[in-house]
J.: 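Here it is, the structure, as structure tokens.
Both backbone and side-chain heavy atoms feed into the values below; hydrogens, waters and symmetry mates do not. Owing to the predicted nature of the structure, the values given are computational and were not obtained by experimental measurement.
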Amino acid sequence: MKCPHCDNSTSEIGKKCVHCGKDIRDATQRDRKMPVKCPICKNKTEIISLSGVKLDYCYKCNGFWFDKGEIKRFHGALSDKSICKEMKLYMAGISVKRRISKRSTYLKCPVCSMLMSHKRFIEVSDIILDRCRDHGTWAEQEDLLSMIDIIDSDQIDELMLKERVRKQHKLDERIKKIEANQSRMSKEIAQNRRFTRAQLLLDFLGFS
């Protein structure tokens, strides 16, 4: 890809240009009036409105692009059961079939062309999305249908509870490690103080 600052070719993996050292992602802004290109089939998407959120939709591979922050708004809108049902009917009308894809490769962000990371919809769920930290999230048709199914069947509450428990467990483990490190440091400081006092005494007695 080309750096938007110096126009030289630079790596697609790093965040900064290898030539001028400037941040590539922050300089790349999306023109929201223009649909993005599909990161899978490279065709230009079309902007549609789902649950009051404008999304980029690819009619060829049935994928959706959520700009940064839109997936949270979409999730909030789906908490309404009636909207969930309407969404299922809408998806059935625009979708040819549910694709079965394997995320063995990483897609490029349609905004900045950097490789996106794999991110779970909820950490304890099986739904894996492609996410650019700075610009948004790509969800394939099967991902979106699975999200709607989870929310409509009330599995979301169970998953959210599991996620809170997982995060609390992770936080407890971090606290234990911090406390263990503090205890080790306190012992080392105490040992160092005892050594210093002993050394001062030896110096005073002339044994050093």
Side-chain angles (χ1 to χ4, degrees), residues 1 11-15 24-25 28 30 35-48 50-51 53-79 83-84 87-88 90-92 94-171 173-174:
M1 65 172 293
S11 171
E12 298 175 350
I13 300 176
K15 185 177 179 180
I24 302 169
R25 293 191 179 189
T28 308
R30 179 197 170 167
V36 299
K37 285 187 177 180
C38 172
I40 295 178
C41 61
K42 311 305 179 185
N43 286 348
K44 186 169 286 188
T45 60
E46 294 189 29
I47 298 176
I48 62 173
L50 293 179
S51 300
V53 180
K54 289 186 177 180
L55 306 175
D56 299 79
Y57 174 65
C58 178
Y59 281 90
K60 183 176 180 180
C61 66
N62 303 119
F64 296 84
W65 173 255
F66 294 81
D67 283 315
K68 190 173 183 179
E70 286 183 340
I71 201 161
K72 288 185 177 180
R73 289 172 53 200
F74 187 75
H75 182 190
L78 289 178
S79 59
I83 292 180
C84 264
M87 189 62 59
K88 282 185 177 182
Y90 185 86
M91 292 288 289
I94 63 175
S95 303
V96 179
K97 62 179 180 179
R98 292 178 73 137
R99 299 176 66 246
I100 300 176
S101 61
K102 295 181 180 179
R103 280 182 164 76
S104 57
T105 58
Y106 290 86
L107 301 176
K108 292 181 181 180
C109 171
V111 179
C112 66
S113 298
M114 304 291 283
L115 291 175
M116 295 187 283
S117 60
H118 292 165
K119 177 73 174 177
R120 293 184 185 273
F121 168 56
I122 300 174
E123 287 300 323
V124 293
S125 74
D126 295 325
I127 305 172
I128 301 176
L129 309 173
D130 294 279
R131 176 176 174 265
C132 172
R133 184 189 64 185
D134 298 304
H135 299 111
T137 302
W138 175 261
E140 295 185 25
Q141 173 187 309
E142 59 181 281
D143 302 323
L144 204 56
L145 286 170
S146 297
M147 288 164 58
I148 295 170
D149 288 340
I150 287 175
I151 296 171
D152 191 37
S153 63
D154 293 327
Q155 294 180 49
I156 190 70
D157 294 332
E158 181 182 346
L159 289 175
M160 292 295 285
L161 177 59
K162 287 182 179 180
E163 174 65 2
R164 286 195 293 270
V165 171
R166 188 194 68 84
K167 285 184 177 179
Q168 185 61 49
H169 178 72
K170 194 173 182 180
L171 178 61
E173 289 297 318
R174 289 184 62 186

J.: Hey, what's the ring geometry for Y57 with Y59, parallel, tilted or perpendicular (30° and 60° as the breaks)?
T.: perpendicular
J.: By side-chain hydrogen bond (donor to acceptor under 3.5 Å, both in side chains), which residues pair with Q168, not counting sequence neighbours?
T.: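 Only D172 meet the side-chain hydrogen bond (donor to acceptor under 3.5 Å, both in side chains) criterion with Q168.
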J.: So does V36 get a backbone contact from the side chain of T45, meaning a donor-acceptor N/O pair under 3.5 Å?
T.: yes
J.: How many angstroms lie between atom SG of C112 and atom NE2 of H135, to the nearest 0.5 angstrom?
T.: 5.0 Å
J.: How far apart are the closest heavy atoms of E70 and K54, and which atoms are they?
T.: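 Where E70 meets K54 most closely, the heavy atoms are OE2-O, 3.1 Å.
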J.: I'd like to know whether NZ of K170 has more than 12 heavy-atom contacts from other residues, nucleotides or ligands below 6.0 angstrom.
T.: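 Not more than 12 within 6.0 Å, no.
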J.: Quick one: CG on D130 to OG1 on T137, what's the gap to the nearest 0.5 Å?
T.: 9.0 Å
J.: So, taking the atom named CG in L129 and the one named CD1 in I71, what distance separates them when rounded to the nearest 0.5 Å?
T.: 5.0 Å
J.: Over all heavy atoms of both residues, which pair between K68 and D134 is shortest? Give the atoms and the distance, please.
T.: CD-O, 3.5 Å
J.: Of the non-hydrogen atoms in P39 and L107, which two are nearest, and what is the gap between them?
T.: O-CD2, 4.0 Å
J.: For T105, does its backbone N or O pair with a side-chain atom of H118 as donor and acceptor, under 3.5 Å?
T.: yes
J.: Which distance, rounded to the nearest 0.5 Å, do you find between the OH of Y106 and the CG of L115?
T.: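 Here the interatomic distance stands at 9.5 Å.
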J.: Rounded to the nearest 0.5 Å, what separates atom CG in N62 from atom CG in L145?
T.: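 Between atom CG of N62 and atom CG of L145 there are 9.0 Å.
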J.: What pairs with K44 under side-chain contact (heavy atoms from CB on, under 4.5 Å), at least two apart in sequence or on another chain?
T.: M34, P35
J.: Measure the SG-CZ distance between C109 and R131 for me, rounded to the nearest 0.5 Å.
T.: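 C109 atom SG to R131 atom CZ measures 11.0 Å (nearest 0.5 Å).
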J.: Of all heavy-atom pairs between G136 and W65, which one has the smallest distance, and what is that distance?
T.: C-CH2, 3.4 Å
